[in-house]
Structure formats: C-alpha cells, structure tokens
Amino acid sequence: MSSQPRIWFVDTSTLLSMAADTAIENAVSSGIGLDHVRIVDVVHRELAYRATRPETRRLAQTATARMPSTWRAMDTYFLTEDEIAEAQDDVADGRTLKDEYEHWAEATIITLARQAVSRGNVLDIQFMTEDFEARRVAFTVPGVQPKSIHRLLYERVQARLMAADDAQTISGLLYRSGRSRTSTTVDDFILPNTKDLGRAGQP
C-alpha cells in the first residue's frame, strides 16, 4: 500500500485490555508481529495516572511492566493543545466530555496522523484503540487503519492466521474481565458481515 514501514500506535484502552489476560496480550502481540510500535507520551502519562486509581491500578501496573522493550516511546511536545482539542471535539461529536482529557490520547494520535498527511507523507498506520468514536474519526485520515482488539482478531481469522474458536475465547476473556461490553460468537469471526463488531471492543 505504501513505501512507508507499517507503524502501530497502541492507546491506553488497548494496553489495559491486553493486561487483563496473557492470552489477550499474546493475541495482540501476534497480530502486530515485528512491525514498529510507537507509544505516545500521553499514553504513558495516562497509564501512570491509571496506576493510582483503585479500579484500574492492577491493569495499569501490569500494562506498564509488560510493555515490550521494542515498543518505542514517542514525544508529542510539538503538537499544540488547540490542535489536539480539535481532534478531541471531532471524537466527542457534540457529546459532553466526562472530563477535559477524555479521548485525549486518541486525539493526540489522530492529530499526529493528520499532520503527517498534511505534509504529504504516505502513511501505513495501524491504530489500536477500544474507543469506537476515536476509530470513527481516525478512519477519515488517509493511510490510517483503526481497529479494536475484536477487529484484529476478525482480520486474523479471515486471513486464516487464527482459529475462530480461539478468537471467540479471547472475546470471552475481554467480556468477563470487564474490558468489553459484549462477547462475540464464533460466527461473528467466520462470517463476512462485521456490523456487530463495531462497538464490541468498547469497555
């Protein structure tokens, strides 16, 4: 698709979901393979904050401890708050934010991609996020492929890189750990109709 190497951006919600079970972590890591991964500074700050909250402490601490050494941190100091806030507004789509930093990490990644496109760069970015609205906005940026863990599983099943039964098992782990609102069926991964996968990964 492009002359650029494939780069994955993984957000906080995905990292927390991966930390819920080693089987989830292994499935995502297998999907990423040896591609480049960037973790933006905002995600690192969010993980540090989540590690102070009782409801997410264990997951955040696990996510931080298990972060692969090959996944590189990326500074975003050159982005302005106004630029990120514009993307945040697009993600919120008129809804009142829970707090001023809701969707902030996702908006930061979207802003990075938008700026790259504006400079004429050809992108091949895989954006892992469990935030459905962030995926909706990121999908409008050329060269960006947003996906939830469920979508990654679906693509691997369709490519015959993973058994549908195994994908459904991972979906069940996400649901039982509170990291997904729904648990998908084997048929959801086998059949070409992916309509019901849209919000499956939204915790």
State the OG1-CZ distance between Thr14 and Phe9, to the nearest 0.5 angstrom.
13.5 Å
Evaluate side chain to side chain contact (heavy atoms under 4.5 Å, CB included) for Ile7 paired with Asp35, printing each intermediate quantity in order.
CA-CA 6 Å; Ile7 298 177; Asp35 290 339; over 6 Å; no
Enumerate donor-acceptor pairs with a distance under 3.5 Å from any side-chain N or O in residues 164-172 to protein atoms, sequence neighbours excluded.
| residue | atom | partner | partner atom | Å |
| --- | --- | --- | --- | --- |
| Gln168 | NE2 | Thr184 | O | 3.2 |
| Thr169 | OG1 | Asp165 | O | 3.0 |
| Ser171 | OG | His150 | NE2 | 3.0 |
| Ser171 | OG | Thr184 | N | 2.9 |
| Ser171 | OG | Thr184 | OG1 | 2.8 |

Evaluate His44 against Met67 for side chain to side chain contact (heavy atoms under 4.5 Å, CB included), listing each step before the verdict.
CA-CA 10 Å; His44 282 289; Met67 189 92 64; 4.0 Å; yes
Least distance between heavy atoms, Asp90 atom then Arg136 atom
O-NH2, 3.0 Å
Whether the side chain of Arg95 engages the backbone of Val91 through a donor-acceptor N/O pair (distance < 3.5 Å, no angle test) should be reported.
yes
For the residue pair Ser17 and Leu174, establish whether any side-chain heavy-atom pair is separated by less than 4.5 Å.
yes
In terms of heavy-atom contacts, Glu102 and Thr96 come closest through OE1-O, 4.5 Å
Worked verdict on Ser13 versus Asp11 for side chain to side chain donor-acceptor pair (under 3.5 Å):
CA-CA 6 Å; Ser13 63; Asp11 80 343; 2.9 Å; yes
For residues Ser29 and Asn26, is any side-chain donor paired with an opposing acceptor at under 3.5 Å?
no
For residues 65-88, which residue pairs qualify under side-chain hydrogen bond (donor to acceptor under 3.5 Å, both in side chains), counting only residues two or more places apart or in two chains?
Glu25-Arg66, Asp41-Thr76, Thr80-Glu83, Glu83-Gln115
What is the minimum heavy-atom distance between Ala134 and Ile110, and which atoms define it?
O-CD1, 3.8 Å
Steps toward side chain to side chain contact (heavy atoms under 4.5 Å, CB included) verdict (Val43, Val10):
CA-CA 8 Å; Val43 169; Val10 183; over 6 Å; no
Do Ile125 and Gln145 come close enough that some side-chain heavy atom pair is under 4.5 Å?
no
Ala23 and Leu173 have their tightest heavy-atom pair at CB-CD1, 3.7 Å
Residues, nucleotides or ligands: over 12 heavy atoms within 6.0 Å of Arg160 CZ
no
Heavy atoms, side chains only, cut-off 4.5 Å: are Leu59 and Arg50 in contact?
no
